[in-house]
**Student:** 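Sending over a structure as structure tokens; questions will come in a sec.
Lettering of chains follows the sequences in order, A, B, ..., and the numbering in each one begins at 1.
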Amino acid sequence: MNEIRTIKLYSSLSGKKEVFEPIVPGRIGMYVCGPTVYNDVHLGNCRTFVSFDVIYRYLQHIGYKVRYVRNITDVGHLLDDGEDRMSKGARLDQLEPMEVAQKYTVGFHDMMRIFNTHSPSIEPRATGHIPEQIAMVQDIIDRGYGYIKNGSVYFDVIKFAKENPAVYGKLSGRVIDELLAESRENLKNQDEKNHPADFAIWIKASEEHIMRWKSPWSVGFPGWHLECSAMSTKYLGQTFDIHGGGGDLKFPHHENEVAQNFGACGCQPARYWLHANMLLLNGRKMSKSEGNTISPQELFSGDSSFVSKGYSPMVVKFFMLMAHYRSTLDITDDALLAAEKGFRKLMDTNKLLQGMSIDPRDFDGSESDTDRAILQLIDEAYQGMDDDFNTAMALASLNELGSYVNKLANKQIAAGEVAPWVLERLKTVFHTFISDILGLKDETSGDGDDTVDGLMELILDIRGMARAQKDWTTSDKIRDALAEVGIQVKDGKEGVSWSKQ
RNA sequence: GGUAUCGUGGCCGAGUGGUUAGGCACAGGUCUGCAAAACCUGCUACAGCGGUUCGAAUCCGCUCGAUACCUCCA
């Protein structure tokens, strides 16, 4: 068994990069906050889940057994008026809450498939874990951090923060004194909470509320942050390795999650907290109300004033991976155009590489500078991933490796300069990074379509014959006609190849 | 207002106390029947102002700007 590579990751809890050490050697428990299924999936959501998908894939690639839990939240998010989000959606659409949840869950899964992400190991639903949530509310009450008001249960943030000053606020950088000060002013517009910073963990359902369950305190429903605490505990244990999510969940969601877990068990839920950063559109945050937004579908179809054309899902994914997951990423048409070209080039290079072989008789038997450079770049690709999953760095190395591939194909590097085993290693690494780690796939080439491949072979063969006779009219006609249907013919030193644009 | 993060060349975007990130675009070249593709070369930047240092774009301070969070939000 190979030794697992040492990786570093940036944890929001400590605010710095740390060397990752699993609780159980060789195994990782990772929890990522999934979507609330009351709406079509947001593009920013896609970036977060693509980021964690790559993290999941890489951890597995380097040898960890990973249990990846990503929830579906189908209850528990409150609106301003206290109405549950799910039931509001239900009323508007005249659907059962579960119907709404089902519809958007399916849509979410479709989108994740379009982005070629792996399914989590477990995808628990909040409504499927009501008993666990009720049990956790009881634990919190038993440990003195919950109080009951008219059938609802609230988490006593002030008491918790005072008794655990090193815990509350650490993740999001909140200052407890400020929390206390701020509150006095707000004390007048009181609701049931003792303090504005407190939050509901169980809510008594009003008469017309459709989603309701029996509990010791009332017929009601669980609070918004509780499902993640309860489900992560159930499937990964009280303390697990990695907790992830979008950066905007840091506060209050994750901070309160920590408080709940700590309040229930006296321990930190996760050792490392990872947060993916936001997506911007033309330098500004995406906002529906300001019209500064684009949906995944609009991005794919080009049906939006923000883009000049449609971009395929893999181009969008590649674009996301060109940036580090912890940086904000600005979507612009120019940037997407650049990503599209870069992606196609990488795919073409990979295709070229996978078809290459070196005749051992050409190999001069010595290790060359080229060999060393290639091995060095491969190492750098891995180092990039080891360093907080820096996909941008890994892609930069792949691009540089790609230039060697092309040079080799163009005979600008002699075949004898690359050792056969180095070429094999390069082929494996390229394929591994593109398919297994980054989860990219070539969506434009013939993709094993024998009919298309056969036809293209015939067409290019005829063109070759025409060219041999210097019949430029015929050969150019073929080239131009193919270009019109989006097929680019590439005349190389080693013969003709083609790719779909 | 409070709290964070960030501000990199024409565009996007890594990185970082002293050495070329990478992609796209652009210019020149090689190759080619022509073109495309590919390859080579060039464009060498780190918001502004101070400070620390032998040396800072990288550390510190201030200013300006951006983004996020401050109980809807990936």
Side-chain angles (χ1 to χ4, degrees), chain A residues 12 15 32-36 38-39 41-52 77-80 85 157 169 172-175 178-179 181-182 193 196-200 224-225 244-253 255-256 275-280 283-288 318-319 322-324 326-343 345-346 348-349 352 380 384 387 390-400 402-407 409-413 467 470-472 475-476 479-480 483 488-493 496-499:
Chain A
S12 306
V32 173
C33 287
T36 303
Y38 71 109
N39 221 332
V41 63
H42 182 91
L43 188 61
N45 237 153
C46 295
R47 149 120 116 145
T48 297
F49 298 132
V50 162
S51 297
F52 283 104
H77 273 252
L78 285 183
L79 293 169
D80 294 335
R85 250 192 190 176
V157 170
S172 60
R174 286 309 111 152
V175 181
E178 260 166 37
L179 207 74
E182 171 195 329
K193 293 192 278 187
D198 294 349
F199 57 91
W224 352 319
H225 315 300
D248 50 354
L249 291 180
K250 238 191 242 178
F251 190 87
H253 184 63
E255 194 67 75
N256 288 347
H275 287 101
N277 218 139
M278 306 291 105
L279 218 44
L280 307 177
R284 312 212 65 94
K285 79 162 181 174
M286 289 208 221
S287 154
K288 252 185 192 160
F318 182 80
F319 168 71
M322 289 209 310
H324 184 81
R326 228 154 26 75
S327 301
T328 53
L329 175 60
D330 191 11
I331 300 179
T332 61
D333 197 47
D334 284 347
L336 286 166
L337 235 28
E340 181 171 60
K341 286 212 154 196
F343 173 67
K345 185 168 164 183
L346 188 65
D348 287 347
T349 301
L352 190 64
E380 284 173 12
D387 187 8
N390 195 329
T391 51
M393 231 175 134
L395 281 173
S397 303
L398 288 188
N399 275 317
E400 292 194 65
S403 127
Y404 280 98
V405 172
N406 282 306
K407 272 186 256 195
N410 287 348
K411 301 243 178 237
Q412 284 159 313
I413 291 178
R467 294 183 77 206
K470 296 199 193 305
D471 178 3
W472 310 126
S475 77
D476 289 355
R479 185 217 286 159
D480 296 345
Q488 183 182 41
V489 175
K490 299 170 182 178
D491 295 313
K493 276 252 169 65
V496 189
S497 63
W498 61 279
S499 68

**Student:** Between B:C40, B:U67, B:U32, which nucleotide has the shortest distance from any of its atoms to the side chain of A:Lys407?
**Tutor:**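 Among the listed nucleotides, the one closest to the side chain of A:Lys407 is B:C40.
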**Student:** Grab the NZ-P distance between A:Lys411 and B:C31 for me, whole Å please.
**Tutor:**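 Computing the A:Lys411:NZ to B:C31:P distance gives 18 Å.
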**Student:** Whole angstrom is fine here: how far is it from CG in A:Asn277 over to P in B:U5?
**Tutor:**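 Computing the A:Asn277:CG to B:U5:P distance gives 12 Å.
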**Student:** Who pairs with A:Asp334 by side-chain hydrogen bond (donor to acceptor under 3.5 Å, both in side chains), at least two apart in sequence or on another chain?
**Tutor:**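 A:Asp334: no side-chain hydrogen bond (donor to acceptor under 3.5 Å, both in side chains) contacts found.
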**Student:** Hey, does A:Asp387 reach any base, or is it just sugar-phosphate, or nothing, if we go heavy atoms under 4.0 Å?
**Tutor:**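 Result for A:Asp387 = nothing.
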**Student:** May I have the distance from A:Leu398 (atom CG) to B:A14 (atom C1'), rounded to whole angstrom?
**Tutor:**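 After rounding, the reported distance stands at 14 Å.
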**Student:** With sequence neighbours left out, write down each residue that passes salt bridge (charged side-chain N to carboxylate O under 4.0 Å, His left out) with A:Lys341, or none if nothing qualifies.
**Tutor:**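 A:Lys341 satisfies salt bridge (charged side-chain N to carboxylate O under 4.0 Å, His left out) with no residue once adjacent residues are dropped.
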**Student:** Any side-chain N or O of A:Asn410 below 4.0 angstrom from OP1/OP2 of B:C39?
**Tutor:**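 Answer no for this pair, as no side-chain N or O of A:Asn410 is under 4.0 Å from OP1 or OP2.
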**Student:** Check the interface with nucleotides 9-13 of chain B: list each N/O to N/O pair with the protein under 3.5 Å, or write none.
**Tutor:**
unit_1, atom_1, unit_2, atom_2, d
B:G13, OP1, A:Asp330, N, 2.9
B:G13, O2', A:Met322, O, 3.3

**Student:** Got a sec, which residues hit side-chain hydrogen bond (donor to acceptor under 3.5 Å, both in side chains) with A:Thr328, two or more places apart in sequence or on another chain?
**Tutor:**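 Checked A:Thr328 against side-chain hydrogen bond (donor to acceptor under 3.5 Å, both in side chains); zero matches.
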**Student:** Could you check which of B:G33, B:A38, B:C40 has an atom nearest any side-chain atom of A:Lys345?
**Tutor:**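 Looking only at side-chain atoms, A:Lys345 lies closest to B:A38.
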**Student:** Dot-bracket notation for RNA chain B is requested: 5' to 3', Watson-Crick or G-U wobble pairs only, both distances under 3.5 Å, with ( ), [ ], | and . as defined.
**Tutor:** (((((((..(((.....[...))).(((((.......)))))....(((((..]....))))))))))))....
**Student:** Any donor-acceptor pair, under 3.5 Å, between the side chain of A:Arg479 and the base of B:C34, if you only look at N and O atoms?
**Tutor:**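 Such a pair exists between side chain and base.
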**Student:** Please state whether the rings of A:His225 and A:His253 are parallel, tilted or perpendicular, taking 30° and 60° as the class boundaries.
**Tutor:**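 Geometry flag for A:His253 against A:His225: tilted rings.
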**Student:** Report the distance from atom CG of A:Asp248 to atom C1' of B:U5, rounded to the nearest whole Å.
**Tutor:**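 One finds 14 Å between C1' of B:U5 and CG of A:Asp248, rounded.
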**Student:** Who pairs with A:Phe52 by ring pair (Phe, Tyr, Trp, His ring centres under 6.0 Å), at least two apart in sequence or on another chain?
**Tutor:**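 With sequence neighbours excluded, A:Phe52 shows a ring pair (Phe, Tyr, Trp, His ring centres under 6.0 Å) to no residue whatsoever.
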**Student:** Among B:A36, B:A74, B:G22, which nucleotide has an atom closest to any side-chain atom of A:Leu279?
**Tutor:**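 Of the options given, the side chain of A:Leu279 lies nearest B:A74.
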**Student:** Take atom C1' in B:A37 and the same atom in B:A56, then report the distance between them in whole Å.
**Tutor:**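 Straight-line distance between the two C1' atoms is 42 Å.
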**Student:** With rounding to the closest Å, how many angstrom separate the C1' atoms on B:U67 and B:C73?
**Tutor:**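 About 15 Å, rounded to a whole number of Å.
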**Student:** Looking at residues at least two apart in the chain, or sitting in another chain, which of them share a ring pair (Phe, Tyr, Trp, His ring centres under 6.0 Å) with A:Phe318?
**Tutor:**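 Partners of A:Phe318 by the ring pair (Phe, Tyr, Trp, His ring centres under 6.0 Å) criterion, ordered by chain and then number, come out as A:Phe343.
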**Student:** Round to a whole Å and report the spacing from CE of A:Met278 to C1' of B:A74.
**Tutor:**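 It works out to 5 Å between those atoms.
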**Student:** Please answer whether the main-chain N or O of A:Ile413 pairs with a side-chain N or O of A:Lys407 as donor and acceptor at a distance below 3.5 Å.
**Tutor:**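 Side chain of A:Lys407 to backbone of A:Ile413, a donor-acceptor pair under 3.5 Å: no, none is there.
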**Student:** Would you say a side-chain N or O of A:Asn390 is under 4.0 Å from OP1 or OP2 of B:G15?
**Tutor:**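 Answer yes for this pair, as a side-chain N or O of A:Asn390 is under 4.0 Å from OP1 or OP2.
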**Student:** From CZ of A:Phe251 over to P of B:C73, roughly how many Å is that when rounded to an integer?
**Tutor:**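 About 12 Å, once rounded to whole Å.
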**Student:** Please report the distance separating the P of B:U20 from the corresponding atom of B:A35, rounded so that it comes out in whole Å.
**Tutor:**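 It comes out at 35 Å once rounded to the nearest Å.
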**Student:** Round to the nearest Å and state the distance from A:Leu280 atom CG to B:G65 atom C1'.
**Tutor:**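 Roughly 14 Å, once rounded to whole Å.
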**Student:** I'd like to know whether A:Asn256 forms a side chain to side chain contact (heavy atoms under 4.5 Å, CB included) with A:Trp224, so could you lay out the CA-CA distance, the side-chain angles of the two residues, the decisive distance to 0.1 Å, and finally the verdict.
**Tutor:** CA-CA 10 Å; A:Asn256 288 347; A:Trp224 352 319; 5.5 Å; no
**Student:** Give a yes/no on whether any side-chain N or O of A:Arg284 is located under 4.0 angstrom from OP1 or OP2 of B:U67.
**Tutor:**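 Yes, because at least one side-chain N or O of A:Arg284 sits under 4.0 Å from OP1 or OP2 of B:U67.
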**Student:** May I ask you to say what A:Val489 touches in the nucleic acid, namely base, sugar-phosphate or nothing, with a heavy-atom cut-off under 4.0 Å?
**Tutor:**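 The residue A:Val489 makes base contact.
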**Student:** Does the distance from a Lys or Arg side-chain N to an Asp or Glu carboxylate O, for A:Arg479 and A:Asp476, drop under 4.0 Å?
**Tutor:**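 Looking at A:Asp476 together with A:Arg479, the answer is yes, because their closest N to O distance falls below 4.0 Å.
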**Student:** Using a heavy-atom cut-off of 4.0 Å across all strands, would you classify A:Gly492 as base, sugar-phosphate, or nothing?
**Tutor:**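 It contacts nothing in the nucleic acid.
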**Student:** Over all strands shown, is A:Lys250 touching base, sugar-phosphate only, or nothing at heavy-atom distances under 4.0 angstrom?
**Tutor:**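 The answer is nothing, as A:Lys250 stays clear of every strand by at least 4.0 Å.
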**Student:** With sequence neighbours left out, write down each residue that passes side-chain hydrogen bond (donor to acceptor under 3.5 Å, both in side chains) with A:Asn410, or none if nothing qualifies.
**Tutor:**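 Testing A:Asn410 for side-chain hydrogen bond (donor to acceptor under 3.5 Å, both in side chains), a comparison that skips the adjacent residues, returns A:Gln412.
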**Student:** Test of understanding: with salt bridge (charged side-chain N to carboxylate O under 4.0 Å, His left out), list the residues that count as partners of A:Asp248, not counting sequence neighbours.
**Tutor:**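 Expected list: none.
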**Student:** Could you say whether A:Gly44 or A:Glu380 is positioned toward the 5' end of RNA chain B, judged by the nucleotide with the nearest heavy atom to each?
**Tutor:**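 Final value for this comparison: A:Glu380.
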**Student:** Expressed in angstrom and rounded to an integer, what is the separation of A:Leu352 atom CG from B:C39 atom P?
**Tutor:**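 From A:Leu352 CG to B:C39 P: 10 Å.
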**Student:** Which part of the nucleic acid, if any, lies within reach of A:Ser475 when heavy atoms closer than 4.0 Å are counted: base, sugar-phosphate only, or nothing?
**Tutor:**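 If one applies the 4.0 Å heavy-atom cut-off, A:Ser475 turns out to touch a base.
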**Student:** If you measure from the P atom in B:C26 to the same atom in B:G10, how many Å do you get, rounded?
**Tutor:**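 Here B:C26 and B:G10 have their P atoms 15 Å from each other.
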**Student:** For B:A35, does OP1 or OP2 lie under 4.0 Å from any side-chain N or O of A:Lys490?
**Tutor:**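 It does not, given that no N or O in the side chain of A:Lys490 lies less than 4.0 Å from OP1 or OP2 of B:A35.
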**Student:** Select one nucleotide: of B:C70, B:C34, B:A74, the one nearest the side-chain heavy atoms of A:Asn45.
**Tutor:**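 The nucleotide sitting nearest to the side chain is B:A74.
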**Student:** Find every protein N or O atom lying less than 3.5 Å from an N or O atom of nucleotides 27-30 of chain B, and list the pairs.
**Tutor:**
none

**Student:** Which value, in whole Å, describes the distance between the C1' atoms of nucleotides B:C46 and B:C54?
**Tutor:**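 Their C1' atoms lie roughly 22 Å apart.
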**Student:** With a 4.0 Å cutoff (strictly under), does any side-chain N or O of A:Lys341 reach OP1 or OP2 of B:A25?
**Tutor:**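 So the side chain of A:Lys341 is within the cut-off, an N or O lying under 4.0 Å from OP1 or OP2 of B:A25.
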**Student:** Less than 3.5 Å between a donor and an acceptor, one on the side chain of A:Asp491 and one on the base of B:A35, is that the case here?
**Tutor:**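 Check passes, donor-acceptor contact within cut-off.
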**Student:** Taking B:G17 as the reference, what is the distance to B:C60 when you measure between their P atoms (whole Å, please)?
**Tutor:**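 Result for the P pair: 12 Å, nearest Å.
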**Student:** With RNA chain B as reference, determine whether A:Asn256 or A:Gly283 sits nearer its 5' end, using the nearest nucleotide of each.
**Tutor:**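 On the 5' side of the pair lies A:Gly283.
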**Student:** Report the nucleotide, chosen from B:A37, B:C69, B:G23, that has the shortest atom-to-atom distance to any side-chain atom of A:Asn399.
**Tutor:**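 Per side-chain heavy atoms of A:Asn399, the pick is B:G23.
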**Student:** Taking the same atom, C1', in B:U5 and in B:A36, what whole-Å distance lies between them?
**Tutor:**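 The same atom, C1', in both gives a distance of 44 Å.
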**Student:** If stacking means aromatic ring centre less than 5.5 angstrom from the base's six-membered ring centre, planes under 30°, is A:Phe49 stacked on B:A74?
**Tutor:**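 Whether judged by distance or by angle, A:Phe49 falls short somewhere, so it does not stack on the base of B:A74.
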**Student:** For B:G13 and B:C6, measure between their P atoms and round to the nearest Å.
**Tutor:**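 To the nearest whole Å, 15 Å.
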**Student:** Once you apply a heavy-atom cut-off of 4.0 Å, does A:Leu249 come out as touching a base, just sugar-phosphate, or nothing?
**Tutor:**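 Sugar-phosphate, backbone atoms only, no base.
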**Student:** Mind checking if A:Arg47 touches a base, just sugar-phosphate, or nothing, with heavy atoms under 4.0 Å?
**Tutor:**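 The residue A:Arg47 makes no contact with any strand.
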**Student:** What residues, two or more places apart in sequence or in another chain, satisfy salt bridge (charged side-chain N to carboxylate O under 4.0 Å, His left out) together with A:Arg47?
**Tutor:**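 In terms of salt bridge (charged side-chain N to carboxylate O under 4.0 Å, His left out), with neighbours along the sequence ignored, A:Arg47 is linked to no residue.
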**Student:** Please name all residues satisfying salt bridge (charged side-chain N to carboxylate O under 4.0 Å, His left out) with A:Asp330, sequence neighbours left out, ordered by chain then number.
**Tutor:**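 Here no residue qualifies.
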**Student:** Give the minimum heavy-atom separation between A:Leu249 and A:Cys33, together with the two atoms involved.
**Tutor:**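 Minimum heavy-atom contact is CD1-CB, 3.6 Å.
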